[in-house]
Amino acid sequence: MSEQELMFMQESSGADADWINPGSAPDGDTALYLELDGWEGPLDLLLDLARRQKVDLRAISILALVDQYLDYVDRAEALRLELAADYLVMAAWLAYLKSSLLLPKDEQEDPSPEELALRLQLRLQRLGAMREAAARLMARNRIGRDVFLRGKPEGLRIDRQTQWQCDWYALVQGYGQVKVRTAPVVHMVRNRPVMTLESALDRVSSMLGVTLDWIALEEFLPAYAEPRLRRSALASSFVAALELARIGKAEIAQDSIFGPLRLRRIVP
Amino acid sequence: MSGRETDALQRAVEATLFAAEQPMRVEALAAHLGDADSAAIRHALANLAAHYAPRGVHLVERDKRWHFETAPDLAYLLRRTSEHVRRLSRAATEVLAIIAYHEPVSRAEIESIRGVQTAKGTLDVLLEADWVRIAGRREVPGRPVIYATTPEFLDHFGLASRKDLPGIDELRATGLLDPVDDAYDALMGENSGDAPAEHGDIDEYDQID
Amino acid sequence: MSGRETDALQRAVEATLFAAEQPMRVEALAAHLGDADSAAIRHALANLAAHYAPRGVHLVERDKRWHFETAPDLAYLLRRTSEHVRRLSRAATEVLAIIAYHEPVSRAEIESIRGVQTAKGTLDVLLEADWVRIAGRREVPGRPVIYATTPEFLDHFGLASRKDLPGIDELRATGLLDPVDDAYDALMGENSGDAPAEHGDIDEYDQID
């Protein structure tokens with residue numbers, strides 16, 4: 001039967017126009033070849049070939065289908081049409097499936113060719129179902145084609161109006177905060193006992209002039225200074241020592257990290 | 001048969017939906033009509049729909065949103081030049097059907113049904129038409145994007161809900177919406193042999209060809 | 001009223017006018033409906049108009065052109081206002097307070113009192129709320145607009161007159177300024193004597209009035 005159908009397919013021709021419509025199958029073999037671009041892949045081609053068997057997709061003969069597909073690929077090659085690789089992969093797989101199906105049962109491997117054939121059939125059924133569903137969907141009454149909405153609706157407009165809310169408390173507090181925030185700010189700096197860098201420089205250089213020995217930094221500080229003045233004097237004296245070392249009037253030594261700093265005059 | 005004293009709420013609902021530029025849900029109608037009672041609005045909608053049923057204009061519900069549209073049987077009078085509805089390519093048509101019947105569905109799942117890779121542009125066309133939306137990601141390795149249909153899709157194709165998709169009940173009952181693996185296992189489990197289960201698809205297929 | 005068997009032409013006219021983007025003349029309708037008889041169309045239009053007369057939608061003729069429109073008594077449905085309550089922002093509250101205490105006052109004066117620029121929208125909100133009005137222009141170079149409060153302002157805040165606004169001293173006495181004062185005191189904390197002098201602004205304002 002499939003043989004006959006194939007013969008019939010060879011004889012008729014044309015009908016390319018059908019290709020525009022989803023779900024339709026070409027009724028001419030020539031069209032089949034010429035419309036290669038129209039296929040959505042090998043499964044799609046298989047589905048159309050299966051449909052040619054004019055039976056339910058659950059009752060198709062997989063062997064016949066394989067033959068049809070392989071025949072199609074052969075013809076395409078004979079016509080020197082370039083087939084996409086996935087068509088050839090499908091052809092190879094179908095050829096393998098066919099030979100497995102023809103082998104005696106006990107030589108079959110896992111998965112069995114029957115399982116593979118059934119799975120192929122299930123896939124075709126699913127694709128067929130979706131193609132049919134798509135056609136039925138497209139045939140529904142569609143807005144803008146079959147049914148129409150109101151041509152020029154007046155449109156609904158909703159104006160949002162804000163009811164602002166503020167209470168007396170917030171108003172008065174807001175004003176108070178503005179006044180407080182913008183009140184002139186007075187900065188007070190307390191008078192602190194400090195030793196300036198200048199006086200430290202004087203003090204250190206004059207004390208260095210007295211001797212050629214090493215003198216510890218602490219010894220430059222005023223003996224009875226209160227702690228805050230002492231801290232300031234230490235900082236200023238240290239900077240003064242660095243300054244004197246920089247201009248070559250003194251040298252600084254420290255034996256260990258955080259150890260006492262010592263100073264000595266350099267005799268020019 | 002519309003009553004001579006069409007009641008006030010019914011008139012208000014009628015006028016509002018006539019004037020609306022978008023389909024409206026019951027809640028939106030209620031809010032627009034000054035927090036009217038939802039049940040009363042539903043009642044008015046049902047009355048209006050019945051009133052308009054034999055007329056040239058119908059009141060329809062799509063995805064819980066209501067709008068007026070012309071009666072489908074008058075399409076032949078009103079059909080305009082086809083530019084209003086762009087034709088979908090065959091690939092896009094199939095992808096749309098697969099998304100609608102299987103949603104939510106990933107691109108890989110679409111491709112496994114079609115047995116062919118889906119061009120990026122095909123999904124873009126459907127997204128742009130506002131018929132398909134990205135519905136999230138599947139929580140499997142790779143977290144693929146999954147697609148679903150939109151209210152606009154149901155609107156455009158005149159479907160009250162996805163339950164209205166043509167033939168979806170039969171497809172589900174016959175397992176044609178299940179993955180091949182599940183269908184195979186089911187077949188192997190249920191019946192010993194190769195005889196497939198009963199189904200009602202044959203006629204439909206014949207009609208198509 | 002409308003018959004149970006709405007006749008075919010009447011349905012066609014109804015659907016056509018519903019879907020039409022422009023009002024249509026009888027001739028245009030006739031042409032659209034496949035050269036239907038004008039008299040029959042007039043008859044259908046009259047029937048339809050009568051049918052819709054009590055409904056929420058009317059079929060009306062204007063300048064020999066027919067179209068559907070919302071029933072005039074329901075026109076209010078097309079344009080609704082929805083009121084929602086919003087609290088005045090802090091900035092707007094401050095600006096309102098400054099206007100109330102200092103009025104009439106220009107924007108530049110408001111800004112110099114607040115120590116920050118005032119967004120245009122802030123004054124707009126107060127104008128929209130009807131609490132502030134434009135009270136003229138100050139006769140100085142640039143003639144800046146000056147703002148003052150409205151009777152609605154006094155109403156809203158339950159004030160008999162602006163003199164009811166408490167002065168800074170009273171605010172401090174009632175603890176209204178405490179949250180800010182605390183922070184201020186913390187900053188100035190050590191030397192209690194250095195706190196800035198009390199302001200006597202309020203009295204001056206009173207004199208302004």
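The structure presented is a predicted model; accordingly, all values stated were derived computationally and were not measured. First the proteins, then the strands, lettered A, B, ... as listed; each starts at 1. Just so you know, these numbers use all the heavy atoms, side chains as well, and skip hydrogens, waters and symmetry mates.
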Self-check item: NE2/C/H43: more than 12 non-hydrogen atoms of other groups inside 6.0 Å
Solution: no
Quiz prompt | CD (A/E226) with more than 12 external heavy atoms under 6.0 Å | solution = yes
Quiz item: What part of C/H156 is in contact with chain A, defined as an atom under 4.5 angstrom from a non-hydrogen atom: side chain, backbone, both or neither?
Solution: side chain
Quiz item: Nearest heavy-atom pair of A/K152 and C/E21: which atoms, and what distance?
Solution: CD-O, 3.3 Å
Practice problem: From the options C/T93, C/I98, C/V95, C/I110, select the one residue that forms a side chain to side chain contact (heavy atoms under 4.5 Å, CB included) with A/V178. | Solution: C/I98
Quiz item: Between A/E154 and C/T70, is there a donor-acceptor pair closer than 3.5 Å when you use the side chain of the first and the backbone of the second?
Solution: yes
Quiz item: Of the listed residues (C/H67, C/E94, C/Q22, C/H84), which shares the most heavy-atom pairs with chain A below a 4.5 Å separation?
Solution: C/H84
Self-check item: Heavy-atom pair with the smallest gap, counting every atom of A/W164 and C/R87
Solution: CZ3-O, 3.6 Å
Quiz item: Nearest heavy-atom pair of C/F18 and A/L149: which atoms, and what distance?
Solution: CE2-C, 3.4 Å
Exercise. Using non-hydrogen atoms and a 4.5 Å limit, figure out which bit of C/E69 sits close to chain A: side chain, backbone, both or neither.
Key: both
Quiz item: Can you tell which of C/L77, C/L96, C/V125, C/V116 has the highest number of heavy-atom pairs within less than 4.5 Å of chain A?
Solution: C/V125
Exercise. Search all heavy atoms of A/C166 against all heavy atoms of C/F157 and return the closest pair with its distance.
Key: O-CE2, 3.3 Å
Quiz item: Yes or no on side-chain contact (heavy atoms from CB on, under 4.5 Å) for A/L171 and C/Y101, after CA distance, side-chain angles and deciding distance?
Solution: CA-CA 10 Å; A/L171 181 79; C/Y101 275 90; 5.7 Å; no
Exercise. Please lay out, stage by stage, how A/Q177 and C/R90 fare under the test side-chain contact (heavy atoms from CB on, under 4.5 Å).
Key: CA-CA 10 Å; A/Q177 285 176 358; C/R90 197 178 136 184; 3.8 Å; yes
Quiz item: More than 12 heavy atoms of other residues, nucleotides or ligands under 6.0 Å from CZ of C/R114: is that the case?
Solution: yes
Quiz item: Does atom CZ of A/R230 have more than 12 heavy-atom neighbours from other groups under 6.0 Å away?
Solution: no
Quiz item: Where on C/L17 is there a heavy atom nearer than 4.5 Å to chain A: the side chain, the backbone, both, or neither?
Solution: neither
Exercise. Find the distance between CZ (C/R86) and CD (A/Q165) and round it off to the nearest 0.5 Å.
Key: 12.5 Å
